[in-house]
Amino acid sequence: MPKFNRLSLMHPDNVPPSTGGSDGPQPRVPAQGGPAHSDAVHSDPAQSDAMHSAPMHSGPAYERLVIVVGDNGLTLRFIKNLTERFEYRVISLIEPGSGAQRDEIRKEATTNQRLEIMERDRIDSEAVSEAGLVEAYAVALMNQDDVANLHLALKIREMSHHLGDETLPKLVIRMYNRQLRDRIRLLLGDEGVYVESDADMVARTYAAAALGQIPPGDIDIWDRRLYLTREPDDRAQAQWVVASGNGRSADVLTEDRTESVRMLCLEPEKSHRWFRPAPGAAIRFLRRSMHALRRTVDTKLRVSAIVLIIVMSGGFWTLTHYYSDTNEVSHGWDALYIIALMAGGGIDPEMGSHAWVKATHAVVVMSGALIIPVVTGAIVQALVARRYALAEGRIVDTVRDHIIVVGLGNLGTRVVERLRAAKIPVVAVEKDRDAVGVQAARAAGAQVLLGDASRPETLREAEVRHCQALVTMAKQDSQNLETALSGLECQPGLRTVMRIYDPEFAALIRSNLNSNAAPRDASRHSSYSAPEVAAASFAAALTEDAILETIPVRGQIVYISEILIGAGGQLDDAPAHEATAIGSHRLLAVKRPGGSVRWNPDAAFRIEAGDKLLMLATRPGLEGIVHRSQPAAATSPPLTR
């Protein structure tokens, strides 16, 4: 059996890396006849008469080929991300006939020259092999059937070994079952396998928006935390311009901080302190405690407790102001001691004492007999009220500065779990008492309120007036919009995050609700299409391992990447300023082989072989910096395999 190597198929030796200028390669030009990058929505209903049952492997030999299996809405958006953002060539394997999103995928192929359709009655490993498994850079299994995806993945791996494929294609697998997903690598191995649930991928974006963060939220790299802002932040240890501009357009990786729309900031290191004074936290704790007391103890018990406190306080005053011939009181602690003994019935009568002292003894002793019933009643009432609230799906504990999540489906539950992992108080609202997410949310530490969140009274019970944000994650767009508007009716300044299926509708809602906000102001209202966000995340999983994070900004993508400097490369023994080019790439930090990290190095800092560079770059800029960091003997084109 002959051996196949994906490098030899995709990178012929006669295809040299593109170079130009002192800063490395110029941006890679799409293949001739490939689509220009556009955000326009194609609406031509005509379908091509040249639809074929076998792919036409067109384009340069070094273009990456991705075979996509699936015919749902996520698959279509995933294909668009691969062809438009990453310029990959895609072969879509679908079954004949209409159904699901097959017609839309076929329609996309009429205008997208990087997309080819292959139709088979049975989508199996043989069909994947016929589509070009040996030369494929990756195979993406996007169906909603976990078992079918796993079965096909195992068959593809088996066939790759049978064909003698030395460089196995990446496998991107959509998997809902979390336990199965966590153990699937025992079957497929760790190398080149990416298994994820679209709900988990999207939950990060919704959770970040709920906390007022700019997606993708906090970024943890090299034991430090990075975050995004819209303008310079004086608290940051270091910061870099990701994009600047006005209106709807933006220029990436500039030096213009005055018109910045995205800043990447390095969070300062926090020194360890054994004691942290927090008067604000103490005040909030007292307020929550008082509110919880009012909720769990009824008025009669509260009145009884107040009367007992008044009696004990009066007794304390009497003992400190009148003479007692048996139990002389010299200071307040003596008075408290005697009061405690009298309340427990453990003191002898004082016949020679002042009349007020005698009266105090009698009243305190009788009141002490009432303390135990009152305390017992309060405890029993609190326990019964808590059990009743849990059984009826009511709020149990007082909450403030929390986030309300509406809808405990697969996605809503993931959002709750992510917020609770960050120790954010959460109140989850769900109509269906038997929903699986109810128990999962409670297990994560969230309070669950059963009711219709579109009704203002339900949101008021969830303390919407005191919450940080309202996140609506129901399956119906109309219900999510109605709930968000009800929340704004209860609290006009509320931050809302909505799940909207149609990305165009989501953009319209977002722009209208934020119409009064300035371009650099934080958006109070967010709405995202879950399939759109998941498709972008799945597509990013096919990029190089060097890419650690993607930052979307106004239709453009900027990458945070880790680049290893090879011996004899162009950046070996180069000053740090040579690793930065405005509009292309910027050096953030350098990690030495020993583990020490220099953040935001000065221009004269020397880069050495074995160093790892943390880069902020566009895709063409990333290709250039990867090429310049390769050892002198490397001849393969940048960012390809």
Side-chain angles (χ1 to χ4, degrees), residues 202-203 205-215 217 288 291 295 393-409 411-420 422 424-432 435 437-438 441 444 446-502 505-517 521-530 533:
V202 174
T205 297
Y206 286 107
L211 295 172
Q213 301 172 349
I214 300 175
R288 287 196 299 268
H291 186 74
R295 287 174 59 95
R394 305 266 70 84
I395 296 296
V396 176
D397 298 320
T398 304
V399 286
R400 289 291 187 274
D401 299 324
H402 58 292
I403 291 177
I404 301 174
V405 179
V406 178
L408 288 176
L411 181 53
T413 304
R414 297 294 192 273
V415 174
V416 170
E417 291 173 342
R418 182 169 284 273
L419 290 171
R420 288 301 302 144
I424 305 297
V426 175
V427 172
V429 184
E430 172 58 48
K431 280 184 177 181
D432 185 6
V438 171
Q447 297 194 67
V448 177
L449 174 62
L450 297 177
D452 185 358
S454 62
R455 302 178 62 181
E457 52 267 29
T458 303
L459 293 177
R460 292 192 188 98
E461 186 176 356
E463 301 288 359
V464 68
R465 294 179 57 188
H466 302 284
C467 74
Q468 294 186 48
L470 172 63
V471 184
T472 59
M473 304 303 296
K475 294 181 179 179
Q476 294 79 21
D477 291 356
S478 58
Q479 184 178 348
N480 289 331
L481 181 57
E482 183 182 2
T483 301
L485 295 177
S486 295
L488 290 172
E489 181 182 341
C490 298
Q491 182 187 346
L494 179 67
R495 180 188 297 123
T496 63
V497 182
M498 285 168 277
R499 172 188 181 182
I500 302 295
Y501 181 81
D502 184 3
F505 187 36
L508 288 172
I509 293 174
R510 187 166 58 247
S511 62
N512 278 273
L513 289 177
N514 294 304
S515 58
N516 296 326
D521 290 345
S523 299
R524 297 292 300 175
H525 309 287
S526 304
S527 54
Y528 300 103
S529 167
V533 176

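Quick caveat, the model's predicted, so the values are computed rather than measured. Residues: numbered from 1 along the sequence shown.
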Item to complete: Would you check, one step at a time, whether the test side chain to side chain contact (heavy atoms under 4.5 Å, CB included) holds for V399 with Q447?
Response: CA-CA 9 Å; V399 286; Q447 297 194 67; 3.0 Å; yes
Item to complete: Carefully, step by step, assess D477 and Q479 under the rule side chain to side chain contact (heavy atoms under 4.5 Å, CB included).
Response: CA-CA 5 Å; D477 291 356; Q479 184 178 348; over 6 Å; no
Fill in: Check: Q476 side chain, S478 main-chain N or O, donor-acceptor pair, under 3.5 Å
no
Worksheet item: I404 and A462: which non-hydrogen atoms are nearest, and at how many Å?
Response: CD1-O, 3.6 Å
Worksheet item: Any donor-acceptor pair under 3.5 Å linking the side chain of R495 with the backbone of A469?
Response: no
Worksheet item: Can you check whether V497's main-chain N or O pairs, donor with acceptor, with S526's side chain at less than 3.5 Å?
Response: no
Worksheet item: Does M498 reach the side chain of L481, with side-chain heavy atoms less than 4.5 Å apart?
Response: yes
Worksheet item: Rounded to the nearest 0.5 Å, what separation is found between the CD atom of E463 and the CG atom of L449?
Response: 10.5 Å
Worksheet item: Is there a side-chain contact between H525 and I509 (heavy atoms, below 4.5 Å)?
Response: no
Fill in: D502 side-chain N/O to S529 backbone N/O, donor-acceptor pair under 3.5 Å
no
Worksheet entry | Minimal non-hydrogen separation, R524 against N514, with atom names | N-OD1, 3.3 Å
Worksheet item: Between the main-chain N or O of A453 and the side-chain N or O of T458, is there a donor-acceptor pair closer than 3.5 Å?
Response: no
Worksheet entry | Nearest atoms (heavy-atom pairs only) where V471 meets A210 | CG2-CB, 3.5 Å
Worksheet item: Can you tell if the side chain of Y528 reaches within under 4.5 Å of the side chain of P215, non-hydrogen atoms only?
Response: yes
Worksheet item: Distance-only, no hydrogens or angles: does the R420 side chain make a donor-acceptor pair with backbone N or O of A444 under 3.5 Å?
Response: yes
Discussion item. Less than 4.5 Å apart, side chain to side chain, heavy atoms only: is that true for Q468 and L211?
Written reply: yes
Worksheet item: Distance-only, no hydrogens or angles: does the E430 side chain make a donor-acceptor pair with backbone N or O of L450 under 3.5 Å?
Response: no
Fill in: Interatomic distance, Q491 atom CD to C467 atom SG [nearest 0.5 angstrom]
5.5 Å
Response to the item:
All heavy atoms of L470 vs all of G487, minimum pair found to be CD2-CA, 4.0 Å
Worksheet item: Hey, are the side chains of L459 and S486 touching, using non-hydrogen atoms and a 4.5 Å cut-off?
Response: yes
Worksheet item: How long is the gap from OG on S454 to CG on N480, to the nearest 0.5 Å?
Response: 10.5 Å
Worksheet item: CZ/R465 to CZ/R400 distance, rounded to the nearest 0.5 angstrom?
Response: 9.5 Å
Practice prompt. Could you tell me the separation between the CZ atom of R418 and the OG1 atom of T413, rounded to the nearest 0.5 Å?
Written response: 14.0 Å
Discussion item. One pair to check against side chain to side chain contact (heavy atoms under 4.5 Å, CB included): L411 and Y206. What are the steps and the verdict?
Written reply: CA-CA 10 Å; L411 181 53; Y206 286 107; 4.0 Å; yes
Practice prompt. Would you check, one step at a time, whether the test side chain to side chain contact (heavy atoms under 4.5 Å, CB included) holds for V405 with L419?
Written response: CA-CA 10 Å; V405 179; L419 290 171; 4.0 Å; yes
Worksheet entry | Gap between atom CZ of R455 and atom OG1 of T483 - 0.5 Å precision | 12.0 Å
